[in-house]
Each structure stands twice: as C-alpha cells, then as structure tokens.
Amino acid sequence: MSEVKTEGARVAYGDRVAFAGIVWELQDTRQPETHHQDHLGRLVPVDPETGERVEVIRIGRAERIGVQISLTAAGDHVHAYPSTRGYTPELTDAQRRTLAEAIEQVDFDVAPLQPIERAQRIGDRLQTQVRWLVGQALGYELRQSLRESLQHLPAPRREALLEELAARIADTFTEQLRRDLRLL
C-alpha cells in the first residue's frame, strides 16, 4: 500500500493523505471538455490498509455516507467543496466546516489538463466509444447472419473474408475521422 501523507505534505493524484481523522485518496477526475472552472480531482475516503473506498465515515459526532471532496481551479487557488453523493443526507454546516478547515492544511499538486493531455484523453474517450459502437453496429442479428453466411467456407477463406471486411470498415472509419478532424 502507498504511504499515507499527513497535513502539510504535498499531495498529488493517487496519493493518500490523512486529515480530520480520515484517510483520503486524491483521484484524477479532470475531463477534456471542461473549459471553465476546471475540475481537478476528488478526494474520497479509503481504508488505509486495503485502499478500498470507505462509504461511511464519522465527522464530528455523526456518520455520513458517500462523502467526497471535489477540487476545482479558481484562478491560481484550489477550491475544495465537501459534499455527499447522490441521495444521501447532506453534510451539516459544522461537518463541512470541519473538513474545509482541515483541507486548508493540505498542499495540492494538481493542475488543469495541458493541451497534449486533453487531446490524449479525448483520444481515449473516442476509443472507448468506438468499441461500444462496433458492438452496437454489429448486433446479434448481423453477427448471426455473418456466422451463417460464412460457416460452410473453408477456414482459410473465411478468415480472409473477415480480414477483408474488417479492413474495409477500418478504412471507412479512418477516412471519416480524418475528414471530421480537418473541420476543427
């Protein structure tokens, strides 16, 4: 397990830091399409031994479920906003103040995405979407039809046809992607 830093230490993505009696992990939640108040990360409570996310934590005298702290850029300053996820009870003003005061002692080593990082994340997202779209485009019925059409062919011929089909589709996708990217 990674070392747990204490208040005053420099904290970067993936680091764990202890404050307000809780061990937190800094997750990188930067998104490529965020143009205004950049999201820089999120602190989530974790078990210091296992690294697993902890859902219920005690802040002051009460327990809260799904607590997280969002970090955003506000000029040269990192703004931290403690909250709870989803439909769980909100933090009280006292709990939010306790966390906010403790966070002030943490030095965050976070920055908005640089242009190259932004482009890489856009590429990663496009790859994920393409994988999903291929599965959707092929679908069950087309997959079955293709399997039935090719099942009586000898294996070498079947493989050659599938390779040819894949190359043709990849060429079409590449051509369309290049055309769309030129429009930027």
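Nothing fancy with the numbering, it's 1 onward along the sequence.
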For the backbone of [Y] and the side chain of [X], can you confirm whether one donor and one acceptor N or O come within less than 3.5 Å of each other?
X: T84; Y: P89; result: yes
X: R178; Y: L181; result: no
X: D15; Y: A12; result: yes
X: R158; Y: L153; result: yes

Supply the members, apart from [X], of the Ile/Leu/Val/Met/Phe/Trp/Tyr cluster built from side-chain contacts under 4.5 Å; use none for a lone residue.
X: I122; answer: L126
X: L138; answer: L142
X: I59; answer: V11, Y13, V17, F19, I22, W24, L26, L40, L43, V54, I57, V67, I69, L71, V78, L91, L99, I103, V106, F108, V110

When you look at [atom1] of [X], are more than 12 heavy atoms from neighbouring residues, nucleotides or ligands closer to it than 6.0 Å?
X: E163; atom1: CD; answer: no
X: E141; atom1: CD; answer: no
X: R168; atom1: CZ; answer: no

Same apolar cluster (I L V M F W Y, side chains within < 4.5 Å links), V56/V46
no
Those residues at least two apart in sequence (or on a different chain) that pass salt bridge (Lys or Arg N to Asp or Glu O under 4.0 Å) with R143 are none
Item to complete: May I ask you to decide whether R121 forms a salt bridge with E117, counting only side-chain N to carboxylate O separations under 4.0 Å?
Response: no
Heavy-atom side-chain contact between [X] and [Y] under 4.5 Å:
X: Q114; Y: I116; value: no
X: R53; Y: Q68; value: yes
X: L162; Y: L150; value: yes
X: T172; Y: I169; value: no

Here the side chain to side chain donor-acceptor pair (under 3.5 Å) pairs for residues 122-138, sequence neighbours left out, are Q31-R125, E33-R125
When rounded to the nearest 0.5 Å, the distance separating OG of S83 from CZ of R42 is 8.5 Å
CZ (R58) and CZ (R61) are apart, to the nearest 0.5 Å, by 10.0 Å
Applied to residues 81-108, the salt bridge (Lys or Arg N to Asp or Glu O under 4.0 Å) test, sequence neighbours excluded, yields R10-D107, E55-R85, E90-R96
Heavy-atom closest pair (P82 atom, A100 atom, distance to 0.1 Å) is CG-N, 4.5 Å
Minimum-distance pair of heavy atoms, taken over all atoms of H39 and T29
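Result for this residue pair: CB-O, 4.3 Å.
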